[in-house]
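Here the structure is a predicted model, which is why all the values come from computation and not from measurement. Chain A is the first sequence line, chain B the second, and so forth, proteins listed ahead of strands; every chain is numbered from 1.
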Amino acid sequence: MRWFEQFRVSLRMLFRRKAETALLNDELEFHLEQEMKENLAHGMQPGEARAAAIRSFGNPAALRDQARSTWRWNRLERLLRDLRYGVRTLLRSPGFTIISILVLALGIGATTSLFTIVRAVLLKPLPFADPGKLVMVYEHFRQSTTGDGFNSVSSGDFVDWRRQTHGFEDMAAWRNYGFDFTGEHAELPEVVQAAGGSFNLFSLLGVQPALGRTFSVDEDQPEASHVVMLSWSFFQRRFAGDPSILGKQIHLDATPYTIIGVLPNWFTYPDAKIQLWVPYAQTFSPDDYAAVHDRHQSKVIARLKSGVSAVTAIKEVSALQYRLHLAHASAPVAEDAIYRPMIDDVVRDVKTPLVVLMCAVGCMLLIACLNVSNLLVARSASRRKEVAIRGALGGSRLALIREQMTESMLICLAGGGLGLLLSMMTTRWLAGHWRGLPRAESIHLDGEVLFFSIGLIFVTTLLAGLLPAISSTGRDVLSALQESSRSIGGSASRALLRKTMLAVEIALTVILLVSAGLLFKSFIHLRTADLGCTTENVLTVKYGLPEKQYDTREKVLAFHESLLDRVRRIPGVHAAALVSIPPGGGSAGDSVFTIPERPSPSFSIQDDAATHIVDPAYFSVMQIPLIRGRVFTDHERLTNDHFVVISRKFANQFFSGDDPVGRHVRVAWNVKKEDYEIIGVVGDTLYDVAKPVKATMYFPIFSGIPAQTGSATLVVRSTTDPLVLSVPIQQQVASLDPALPVYDVLTMQQILGQTTASQSFSATLVLAFAGLSLLLAGVGLYGVLSYLVTQRVAEIGIRIALGAQRTEVLRLVLLDGLRPVILGLLIGSAGGATAGALIRSILYGTSPFDPVVMAGMVGCLLLTAVVACAVPALRASRIEPMQALRTE
Amino acid sequence: MGKPSDLVQGTLDLLILKTISLEPKHGWAIAKRIQQISNEVLQVQQGSLYPALHRLEQQGWIKAKWSETETGRAAKFYSLTTAGRGQLEREMESWSRLSGAINLVVEEA
C-alpha cells in the first residue's frame, strides 16, 4: 500500500501546502523548545539557554528550505513563483505590458486567421475519394502565347479520349450551362446556373447522392430523356427539402426535366453557385456532341490508374490529340493534352495572393516579436544591476533566464489568447468577404489550427524572450556591477544588439511597405482603368430567351424590339440598348475567322477575335466612339445581317493601316462559314479590366438568330441613380413574357467593383499589415532611442558643460538613431525589389521595380523614422548639464 | 571536544527507521535517541534530520501524526508504515552485509 501512502502525501502537498509549511515551522519550533528545555535542565540561565539552543540549531530559514526541498511539486511551486513574480513585474509597467500584448495579439491573430484560410483552401485534400489521384486534363496549343496554356476541352475531344485511351482509370467531363427555371405551376421564374456532368462524374469523384441516384449511361446521350439532379441548396430553397419531389418534373428553358437525385450539402464543386446538374451530353445538340472538336468549353477530370503515372497516361492522350489535330487541320484543335493535379486547378487563382498575405502576416508577426524583444531588452537593461547582484550571490544563470522567459511567456500567452479570440472573429469575415475564394465553406477553426497557434505562441515566446534573457544575464557579472555604479556612455554591446534588431525590423517593414505599395498601385490602376465606354449612371439587366419558345428570327427580334421600345419610354431612362455582354463583364466568347482579301495564315495558328452582338444604338448609348465608316442601322435585320463592325484593335492587328471598311470577315457565325462585310470601326473596350484589349467583332442583334442573339444584356443610361429603374424594367419584361426571369441587375460601377474586388481586398489587407508594421517600427525606434538617450544623459551633460553646441548634440543623437534605419532601408529596398519580382503575377500595369512606389514607401518610412528619432534627440539637446551630472 | 563522526553516507535513513520502529517519536526525540544509543558518537544535525524525515515521508516509508507530548505540547510524531517496515528489514540486511564485509577487510589487513 505504499503507493497509496505516497498518493495521499502528494495530494496533501499539493492542496494543503500552506498548512504544511506552518506545520513544518511548528515542528522546528518544537525542536528548538526541547533543546532549550534541555539546556535549562543542565542549569543554564533562560537567556543563555535560548542563545545556545539557537546556536546549535543553525539558520532556521535555511533548515526549513532544506526540509521543504524534499517535498513534491517543487517544480510547480517554482513555476508559480516565477509566474507571480512575472505578473508583478509586468503590472508595474502596465503601458509596456498592454502595448506588447496588443502588438502580439494582432500578429498572432492575423497569422492564425491566414493560416486557417490557407490550410482549408490550399493544404487540405479535396473532399473526394482518394483525391491525390485526381487530375485535370486540358488541351494545349503549341503556339498559344496568352493565358497559362491550359485550354478547355471540346466535347468531341473528350468523347474520343475516353473511348480510345486507357491510361487513366476513367475520365469525366463537365461544363457550365445556364437555364431559365420555372416550376410546373406558376412559380417564380429564375435564371439558374447549372452544369452538365458526364454520367461517371460523380462516381469518379466518389460522391454519393443524398437522395435518389446519379445519371445513367443511357441518360448521358444528346437525345435521351431529360433528367436533372438538384444541389442541396436548391433542393432546400425551392422545394423546402421535400423528398417527394424525386421523380417529379421541373421546367428548364421551357422543357420538362425529371428530378432523379439530390446532391449532398457538402458538394460544392466547381463552386457553390451551381444549382442544377444535367447529363453532360444533353447540353449539346446531337450533331455537335461527339463531332465538335473546336469549341473548347469543358473541363475534364481523370482518375489515375494505380501503377500508371500521370505522365505515361497523358502521353497516350496527347498522341491521340495530335491525330485529332491533324484530322481537323482547318479548325482550332489543339496539338497536345496536358494535365495538372485537381487541387492545383481548384486553387490556382488564389494561391499567389494567399501566399503573399501569409508572408505579409508572417513579416508582421516577426516585426511584432522583434519589437517586444527590443522593449524587453530595454527593461532588462534597467534591471541589470539587480540581475548582476543576484548572479554574484549565486543565482544560477538558468534560473535568471527562466525568470525573464516567464515574463515574455506571460506576454505571449496573453497576446496569443487575445489573438486567438481576434482570429475567431475575423476568419469568418475574411473568408466571407473574399470574392471567389474556392472551398470557402470548409474554413473553420479546429484542433489543428489551435495546435498551430499554440506553437506560434511558443515560437514567439522564444523569439521575443530568449535574446533579451540571454543578453541580460551575461557572464561578466563584475563589469556589470562596476558599470552600473556609475556609467558614462552606456553599454556598447547591448546597444549593438538593439540596433541590429532595429535594422532587421526596418528592413522587414520596407519589404512589406513596398509590396503593399505595388499591390495598391496596381489596384488603383485597375480602378481607374479606362474601359473605353461610359460607366456613369448605366444599369445592366440580363435575360435569356428560351430557344424552345423563341425559335424563329422574327420572334426573337420582336421581343428585343418591343422591350427596347417599352424601356425607352420609362421616365428617367435616357437611352437604352442591347449587347451580349457589357464591357468589363467578362469574356463573351471568341470566334476564329479569316479575311478573304488577305492570304490566310498557316493552319496551326488561327486568328480569333471576341464576338459581341449589339443593336444599332449600343455604341452611342455606351459612348464608344466611331472611328471609321458607320455603325448598324435598323436595316441590318433578320436575314439582311451579313455586316460586322470591328474594334480599333481588330483593325490595327489584321489590317495594319489599310482601310478595313468594305473588306470582309469569313466566320462561322450562324452555323456555317459566311462572309460578313465590315461597315465600321469603333473604339476599343476592355472585357476585363485586368486583361489587355482584345480584337472584337460586333454582329447585329437584330438578325434575331435564336441560338446567337437569344440572350442579351439590356444597358440603360439614366439621368440619375440607375438602380431605381430596375423594378420598372423588370415590370416591362414581365409584361412581355411573365415566365421570363431577369438576372444580374447591376450598374456598370458594380460590375467594375466585382472584377476588382479581390484585388482591392488583398491590396487593402497587405496595406493594413504594412501600416501596422510601420507603426510598430516607429514605436520600436522611438523606444530604443529614448533608452539610449537616457543612458547617455551624463555623457551629454558633460559634453554640454564642456561647451558642445546643442545643435551638435541634436545631430549626434539623430545620426545615432538613423544609422540602423539607413542600414535597414538599404537591405529592405533590395528585399522589396525581390518581393516585387515574386508577386509580379498579381500586379497589373505596375512594374515590380516601380520607382514611384519605391521612393514613396522609403520616404514614408524615413519620415516616420525621423519623427521617432527627433523627439528623443530634442530631449537630449535640452539637457541641463548640472542636473544631468547630479542624477545617476 | 572532537568533531562527531559524520554519519556514513546513506545510513541516516536506516537509523531513523530503526529508531522509530518500536514506537512513534518526534524529531527531537529521534536525534536524542540516536545520540544516546551510540554513546554520543553519532550526532544527527537538524539540517540533515528534518530533510531526511520529510523525504522518507514523501516516499511513503514513514507517516506523521500530530499528537501531544507528555508536557501537553503538540508535536509531530513519526512512525513506520507497513511498507516502511519492509524497507527497514531490507536496509538492515544490506547494512549487515556491508558492515560485515568492511569488518572482514579491516580485520584481515
Side-chain angles (χ1 to χ4, degrees), chain A residues 1-42 49-50 52-77, chain B residues 1 3-4 12-13 16-17 24-36 40 43-91:
Chain A
M1 296 297 267
R2 184 178 157 219
W3 61 267
F4 177 73
E5 194 66 25
Q6 280 179 329
F7 180 67
R8 212 171 54 82
V9 170
S10 71
L11 275 189
R12 209 172 67 215
M13 287 303 155
L14 183 58
F15 295 110
R16 297 180 42 84
R17 210 168 176 84
K18 228 176 199 153
E20 286 295 319
T21 308
L23 288 178
L24 173 63
N25 284 338
D26 199 30
E27 188 180 11
L28 297 177
E29 179 64 25
F30 172 74
H31 191 108
L32 204 60
E33 280 169 22
Q34 293 295 115
E35 197 80 28
M36 260 165 61
K37 259 187 214 156
E38 199 183 51
N39 287 350
L40 281 174
H42 283 126
R50 182 169 181 85
I54 290 177
R55 200 162 47 242
S56 84
F57 194 74
N59 181 353
L63 190 56
R64 194 187 63 205
D65 281 353
Q66 277 167 7
R68 273 184 68 115
S69 70
T70 65
W71 289 4
R72 266 155 216 277
W73 310 108
N74 270 324
R75 221 178 275 272
L76 186 73
E77 194 182 33
Chain B
M1 189 171 142
K3 194 170 168 274
L12 180 57
D13 287 3
I16 292 173
L17 292 177
K25 283 190 175 58
H26 49 72
W28 189 77
I30 296 172
K32 274 287 150 213
R33 177 88 180 151
I34 294 174
Q35 209 170 330
Q36 273 173 9
E40 309 285 322
Q43 300 255 2
V44 183
Q45 295 296 315
Q46 290 89 322
S48 325
L49 175 68
Y50 285 99
L53 282 171
H54 281 251
R55 191 180 59 247
L56 288 170
E57 190 187 357
Q58 306 278 324
Q59 288 170 342
W61 303 131
I62 64 177
K63 60 181 182 229
K65 201 179 159 205
W66 281 83
S67 40
E68 289 191 354
T69 61
E70 51 275 32
T71 57
R73 166 76 158 88
K76 198 176 178 188
F77 282 81
Y78 294 93
S79 58
L80 282 186
T81 59
T82 328
R85 221 162 269 288
Q87 175 70 5
L88 173 61
E89 269 163 35
R90 277 193 296 280
E91 294 236 350

Point to revise | Ion pair check, K76(B) and E57(B), cut-off under 4.0 Å | key: yes
**Study point:** Proximity breakdown for A64(B) and chain A, heavy-atom pairs closer than 4.5 Å
**Key:** neither
**Study point:** Residue T69(B) versus chain A: region with a heavy atom under 4.5 Å
**Key:** side chain
Review point. Do you know which of R55(B), Q59(B), Q46(B), K63(B) has the most heavy-atom pairs with chain A at a distance under 4.5 angstrom?
Key: Q46(B)
Check your understanding: Pick from L24(A), L63(A), L32(A): which one has the most heavy-atom pairs with chain B under 4.5 Å?
Key -> L63(A)
Review point. Given a strict heavy-atom distance threshold of 4.5 Å, which part of E38(A) is in contact with chain B: side chain, backbone, both, or neither?
Key: side chain
**Study point:** Partner residues of Y50(B) under the ring pair (Phe, Tyr, Trp, His ring centres under 6.0 Å) criterion, sequence neighbours left out
**Key:** H31(A)
Practice item. Say whether, by atom type as modelled, one donor and one acceptor occur between the side chain of T81(B) and the main chain of G60(B) under 3.5 angstrom. Key: yes
Practice item. Could you tell me whether R50(A) atom CZ has more than 12 heavy atoms of other residues or ligands within 6.0 Å of it? Key: no
Point to revise | Residues E33(A), R73(B): salt bridge by 4.0 Å N-O rule | key: yes
